[in-house]
A.B. asks: 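The structure under discussion is supplied below as structure tokens; questions concerning it will follow.
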2 protein chains.
Amino acid sequence: MTAPESSAPRLRGRPRSPATDAAIIEAALRLLEEGASVGGLSIEGIAREAGVGKATVYRRWPDKNALLLDVLRSLEEPGPEPSGVSVRDDLVAILEFMRRRGLAKRNSALLRNVITQMHAHLELWRAYDETVIEARRTALRAVLRRGQETGEIRTDVDLELLADLFTGPMLSRAILHEWKELPEGLAERIVDAVLHGVAPAPRADAPG
Amino acid sequence: MTAPESSAPRLRGRPRSPATDAAIIEAALRLLEEGASVGGLSIEGIAREAGVGKATVYRRWPDKNALLLDVLRSLEEPGPEPSGVSVRDDLVAILEFMRRRGLAKRNSALLRNVITQMHAHLELWRAYDETVIEARRTALRAVLRRGQETGEIRTDVDLELLADLFTGPMLSRAILHEWKELPEGLAERIVDAVLHGVAPAPRADAPG
DNA sequence: CTAATACGAGACGGCCTCGTATCGTAAGTC
DNA sequence: GACTTACGATACGAGGCCGTCTCGTATTAG
């Protein structure tokens, strides 16, 4: 859904080219991949990269934020459906999805650039946060809650903290390190380590 | 150490004011706190904010990167010294240090803004990474290795993964969420959860 | 005192971007 | 064919920042 405006069914003249829509989005992604910062992106530069007139961009999006929001949305993928069988496997699937997203250089560069600069463009961040991130977090929370009900996960740990314990290691790698640092099998290793702990013996001297 | 140049001992005329050095650094920090992006910072704007002529800035730093590097360095703190007694307590100390750093609004905004945009300004990022981050990671690795030797930490988990399991949850909160999300006691809760696992019973059905 | 340098202020030409407007042309509807 | 809109290209004035330079003044050494 990269169509910026589908409300007004213009019938009279030459219709807008969907290929041009895509070319503009693609150009923005290409620039971001190449290390451009969100703040450094310019409509002018995007139009140039897309081989398109500026007016063609302004005809579709009123300003940079609106365009960037569509750029972000163009990267959305459905996300894994929880199998409902093993909570452990569902967690692995969620983290593996994150890993593969972070691996795609396109997403990684975007993640890094976007996540922080968004806080400067607060409207943009909130829109992205509410539409994309919150949905994922809700799905994760549901899996975790199911785990608590089935006894696979302790109930004396805050649900938010649980979520961060699983996703934090994967996210911090994707954001801070290079994409090289997301090897195959990482999702499973994280999930199992967090589930069973990194202390060797199930000793009963836990201070809680 | 915010003195940009201490090599040439100018003796003839009026000496440079250290207060002006500080005022410039302070102005840059203030702008970053207020949500300015690294790319959006301008020498001109910093000079304006500092109530200082542009030439006064250029007299000290050759370009924006050099100035920003000194801005980053001005935020460095020594970091916790491992007690050497309990590995668990040392880990808590390290994470608690991270938490307090992330809490200072100044650092949090910087973290977010800097960490990503750095990848655009690669030289800047590498300098920061090598001088600050790598030192911290080395200290953390030492603690973890000691834990493996004393038997407090399993030896069948990669050292890098171990580090991320502990720091990832704290970092992802500091970067992604607001500073509100770093409550007191978070360091302990993360460390204990990662150490003992979030699965309730030490069941032996781990698949590998 | 004089000489040397730092200081705040800001002028300067150059570059880039903004958002708008105007070309001539292309591609549709009626 | 007539009309309408999209298209690429480009010009426009406004404005920000760059890095250099020049003011008049302030602060130090000798």
Side-chain angles (χ1 to χ4, degrees), chain A residues 2-28 31-32 34-68 70-71 117 120-121 123-124, chain B residues 2-28 31-32 34-68 71 117 120-121 124:
Chain A
T2 62
E5 283 187 37
S6 43
S7 52
R10 310 163 185 279
L11 294 175
R12 300 294 289 208
R14 171 178 175 179
R16 291 189 191 160
S17 163
T20 305
D21 290 22
I24 294 171
I25 301 266
E26 271 301 308
L31 291 174
L32 285 171
E34 289 165 6
S37 61
V38 172
L41 278 186
S42 65
I43 300 268
E44 200 141 354
I46 293 171
R48 203 183 307 129
E49 172 80 15
V52 143
K54 280 205 296 177
T56 303
V57 180
Y58 280 109
R59 204 174 285 123
R60 289 164 164 76
W61 294 275
D63 54 29
K64 201 163 74 178
N65 271 5
L67 168 56
L68 286 184
D70 273 347
V71 169
Q117 300 218 346
H121 311 253
E123 338 152 28
L124 192 48
Chain B
T2 63
E5 282 187 39
S6 44
S7 53
R10 310 162 186 278
L11 295 175
R12 299 295 288 206
R14 171 179 176 178
R16 291 187 192 163
S17 162
T20 305
D21 289 23
I24 295 171
I25 301 267
E26 270 302 308
L31 291 173
L32 284 171
E34 289 165 5
S37 60
V38 173
L41 277 187
S42 65
I43 300 269
E44 198 142 354
I46 293 171
R48 203 184 308 126
E49 172 78 15
V52 143
K54 280 205 295 178
T56 302
V57 179
Y58 281 107
R59 205 174 285 125
R60 289 165 164 75
W61 294 276
D63 55 29
K64 200 163 74 178
N65 271 4
L67 169 56
L68 286 184
V71 168
Q117 301 217 344
H121 310 254
L124 193 47

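The sequence lines fix the lettering, A, B, ..., with proteins before strands; numbering per chain opens at 1.
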A.B. asks: Should the pair A:D21-A:R16 be classified as a salt bridge under the 4.0 Å nitrogen-to-oxygen rule?
C.D. replies: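 No.
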A.B. asks: State, yes or no, whether a side-chain contact exists between A:I46 and A:E49 at a heavy-atom distance under 4.5 Å.
C.D. replies: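 Not in contact.
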A.B. asks: Between A:L67 (CG) and C:dC18 (P), how many Å, whole number?
C.D. replies: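 These atoms are roughly 11 Å apart.
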A.B. asks: Is A:S17 close enough to D:dA6 that one of its side-chain N or O atoms is under 4.0 Å from OP1 or OP2 there?
C.D. replies: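 A:S17 to D:dA6 OP1/OP2: no side-chain N or O under 4.0 Å.
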A.B. asks: What's the closest nucleotide to the B:P15 side chain, out of C:dA27, D:dG8, D:dT28?
C.D. replies: D:dT28
A.B. asks: Could you check whether any side-chain N or O of A:K54 sits under 3.5 Å from a backbone N or O of A:A47, counting only pairs where one atom can act as donor and the other as acceptor?
C.D. replies: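 Not confirmed, A:K54 side chain does not pair with A:A47 backbone.
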A.B. asks: Given C:dG8, is OP1 or OP2 found less than 4.0 Å from the side-chain N or O atoms of B:T56?
C.D. replies: yes
A.B. asks: Which one, D:dA9, C:dA6, C:dG8, comes nearest to the side chain of B:V52?
C.D. replies: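 The closest nucleotide is C:dG8.
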A.B. asks: Roughly how many Å is it from CZ in A:R59 to C1' in C:dG19, rounded to a whole number?
C.D. replies: 14 Å
A.B. asks: Figure out the CZ/P separation between B:R14 and C:dA6, and round it to whole Å.
C.D. replies: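 That distance rounds to 9 Å.
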A.B. asks: Once side-chain contact (heavy atoms from CB on, under 4.5 Å) is applied, do any residues pair with B:S17, and if so which ones, sequence neighbours excluded?
C.D. replies: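 Counting only residues at least two positions away or on another chain, B:S17 forms a side-chain contact (heavy atoms from CB on, under 4.5 Å) with B:A19, B:T20.
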A.B. asks: Measuring from atom CD1 of A:I25 to atom CG of A:D70, what distance do you get when rounded to the nearest 0.5 angstrom?
C.D. replies: 5.0 Å
A.B. asks: Test your reading of the model: is there a side-chain donor-acceptor pair from A:N65 to the backbone of A:L68, 3.5 Å cut-off?
C.D. replies: no
A.B. asks: Determine, for nucleotides 12-19 of chain D in 5'-to-3' order, which nucleotides have protein heavy atoms under 4.0 Å from the base (write B), from only the sugar-phosphate (write S), or from neither (write -).
C.D. replies: -----BBB
A.B. asks: Need one value for B:A55: base, sugar-phosphate or nothing, where a base atom within 4.0 Å counts as base even if backbone is also close, heavy atoms only.
C.D. replies: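 Counting heavy atoms under 4.0 Å across all strands, the contact made by B:A55 includes a base.
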A.B. asks: Do the side-chain N or O atoms of A:R16 get closer than 4.0 angstrom to the phosphate oxygens (OP1, OP2) of D:dA6?
C.D. replies: yes
